[in-house]
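Just so you know, these numbers use all the heavy atoms, side chains as well, and skip hydrogens, waters and symmetry mates. A, B, ... follow the sequence lines: proteins, then strands. Residue 1 opens every chain.
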Amino acid sequence: MLTLSRFRGFVLPIALIMLWSALSHRDAAHSFIFVPLENVVASAREMFLNGELSRNWTASLIRTSSGFAIGSGIGIAVGSIMAISRFADRLINPLYQAVRQVPLMGFIPLISLWFGNGESSKLFIVSLAAFYPMVLNTYEGLINTEKKYLSVASVFKLGRWRTLRYVTLPSALPSIFTGLMQATAFAWLSSVGSEFFFNPGPGLGNMMLNAQAAFRMDAVLLSVIAIGVTGFGMNFLVQRASRVFLRWRSTR
Amino acid sequence: MSGGAMARLDDDKRSEPSHPGALAIKSLNKRYRMDGRILQVLQDIDLNILPGEFVSIVGRSGCGKSTLLRLIVGLEADYDGDILLDDQPIRSTSLDRGIVFQDHSLLPWMTVEQNIGFALLTLDLPESEKKRRVAEHIDLVNLSGFAKAYPRELSGGMAQRAAIARALVNEPKILLLDEPLGALDALTRIHLQRELQRIRTQNRSTMIMVTHDVEEAVYLGDRVVVMDANPGRIGRVVTVPLPHPRDRGSRAFQHIRDEILADLTGAHDTD
Ligand SMILES: Nc1ncnc2c1ncn2[C@@H]1O[C@H](COP(=O)(O)OP(=O)(O)OP(=O)(O)O)[C@@H](O)[C@H]1O
Ligand SMILES: [Mg+2]
């Protein structure tokens with residue numbers, strides 16, 4: 001029973017693959033739109049062997065991780081400062097709330113003006129995508145420490161910094177991990193997405209565009225799969241990490 | 001949205017000078033403002049507690065017992081009247097005053113061991129001495145084997161015992177206990193009552209304990225304060241002149257217990 005339910009998540013993908021496969025073998029028109037999976041496997045093999053897959057994949061991944069590190073790092077710092085200092089809160093919060101209303105794509109003209117049309121603009125977009133959720137979740141987590149825990153800190157005379165370290169910060173950790181989870185997802189999406197808006201360079205988004213231009217649906221599909229699987233993997237990693245750090249939390 | 005929640009933590013870190021621990025509460029009034037309405041929680045409380053005395057507080061739910069303890073421990077500065085510790089007004093918390101909160105308030109991200117060690121964080125003791133004290137107090141409340149457990153893995157009674165250990169470990173002069181034994185089985189309860197009695201004699205500490213168990217109040221208390229509700233005030237103070245260890249079965253004991261019970265149920269009738 002338990003082992004069966006563990007594999008429940010695979011049922012839908014497998015059904016989808018079978019449906020896809022059935023459609024692709026109906027006639028020539030179908031097999032152009034629904035590329036036969038063996039073609040995808042073949043192109044995966046080819047692009048893996050000639051290094052194209054790993055080159056593009058690495059480029060997207062490096063951009064994502066650097067943007068994630070920059071954006072979430074600054075995000076945690078800004079969120080913490082806002083939570084700790086009322087002055088900073090008053091100063092930054094309105095701006096943050098306003099800027100957040102603009103969709104990331106709305107900044108593209110400005111960003112390309114500032115950073116050009118190359119890799120640095122893409123990196124900026126990714127950092128920004130990771131920055132937003134980190135600020136909000138860090139701030140909310142730190143602000144919403146339960147009063148009773150602050151009382152305990154006060155009873156034992158912990159003082160400001162020890163209270164931050166032993167009470168406020170750990171109590172914010174669940175919220176911070178929610179932020180990290182969102183930041184990873186947004187960073188990955190925007191990393192691939194940004195390639196559609198700026199000059200071509202290595203990356204999975206670009207690989208997809210090239211494949212489309214060359215009418216190679218097998219390579220398009222391969223890109224989609226690579227993007228999906230990688231995003232899934234990153235989410236999985238963060239989730240694992242959060243389970244380790246939050247093992248004190250009651251689950252279920 | 002504001003950053004205010006964290007601003008109130010910078011109470012002064014010095015503990016008050018060493019003192020015998022006489023507590024004087026004079027015409028204490030406490031009101032809460034709740035959506036425009038004013039709720040009088042404590043009214044004209046007058047109470048003098050001697051150093052080393054054990055005072056039990058009983059009274060029906062909502063009569064302000066926990067509020068009184070919060071005021072004495074120094075968590076709330078907004079009240080009328082005086083709370084004096086050796087003639088000095090209580091302005092903030094102090095390591096000389098410990099408390100076991102009604103809902104235990106263990107920090108969920110810390111193990112039992114860490115929670116108890118938390119009380120020693122600001123003390124200037126060698127790490128080995130801290131370890132020793134923590135282990136000793138884990139034993140005291142019979143939690144050996146659960147040192148590395150997180151609060152969510154504890155039963156209600158175990159969490160209460162961990163909270164008691166945390167309050168005892170830095171040996172405060174005045175210990176406030178808010179229904180600390182409420183969730184315990186009879187056997188553990190009696191064991192911990194004896195331990196409290198022993199610690200109190202050994203450390204010569206002052207203890208104020210809120211309880212719903214009248215027998216417990218009489219067993220431990222030099223005096224039992226019976227509080228009335230709406231607004232919370234002192235109805236009666238009963239002195240328990242029996243020597244320790246007390247015999248719960250003795251006639252004198254039962255007489256005092258029944259008297260207080262009658263008082264409490266009488267308070268119910270007038271409502
Ligand atoms: N922070 C607060 N804001 C507003 N009202 C409060 C607050 N804390 C307590 N009260 C009110 O004060 C009254 C007394 O509360 P308190 O917790 O002191 O009662 P208690 O005697 O400890 O009750 P119990 O035996 O159920 O623990 C209650 O009516 C409660 O609603
Ligand atoms: Mg209470």
In terms of heavy-atom pairs under 4.5 Å with chain A, the winner among Ala119(B), Pro151(B), Gly98(B), Pro172(B) is Ala119(B)
Honestly, the part of Leu106(B) sitting under 4.5 Å from a heavy atom of chain A is backbone
Whatever's closer than 4.5 Å to a heavy atom in chain A on Phe101(B) counts as side chain
On a heavy-atom basis, the closest approach of Glu179(B) and Thr211(B) is CG-CA, 4.2 Å
In terms of heavy-atom contacts, Phe198(A) and Asn117(A) come closest through CB-O, 3.1 Å
Legend entry - From CA spacing to verdict: ring pair (Phe, Tyr, Trp, His ring centres under 6.0 Å), Tyr132(A), Phe186(A): CA-CA 9 Å; Tyr132(A) 286 148; Phe186(A) 293 168; 9.0 Å; no
Residues of residues 164-171 of chain B with a heavy atom under 4.5 Å from any heavy atom of chain A, in residue-number order, are Arg166(B), Asn170(B)
Filtered by a 4.5 Å non-hydrogen cutoff, the part of residues 134-149 of chain B contacting chain A is none
Have [X] and [Y] got a donor and an acceptor in their side chains that come within less than 3.5 Å?
{"X": "Asn137(A)", "Y": "Thr178(A)", "answer": "no"}
{"X": "Ser60(A)", "Y": "Glu195(A)", "answer": "yes"}
{"X": "Ser171(A)", "Y": "Thr145(A)", "answer": "yes"}

- request: Give the ring-plane orientation class for Phe232(A) versus Phe236(A), where under 30° counts as parallel, over 60° as perpendicular and anything between as tilted.
  value: parallel
- Hey, are the side chains of Ser191(A) and Phe68(A) touching, using non-hydrogen atoms and a 4.5 Å cut-off? no
Examine distances only and state if a side-chain atom of Glu153(B) and a backbone atom of Tyr150(B) form a donor-acceptor pair shorter than 3.5 Å.
-> yes
Is Arg70(B) salt-bridged to Asp178(B), going by a charged N under 4.0 Å from an acidic O?
no
Report task. Please lay out, stage by stage, how Arg133(B) and Glu129(B) fare under the test salt bridge (charged side-chain N to carboxylate O under 4.0 Å, His left out). Result -> CA-CA 6 Å; Arg133(B) 280 211 209 174; Glu129(B) 170 63 11; 3.3 Å; yes
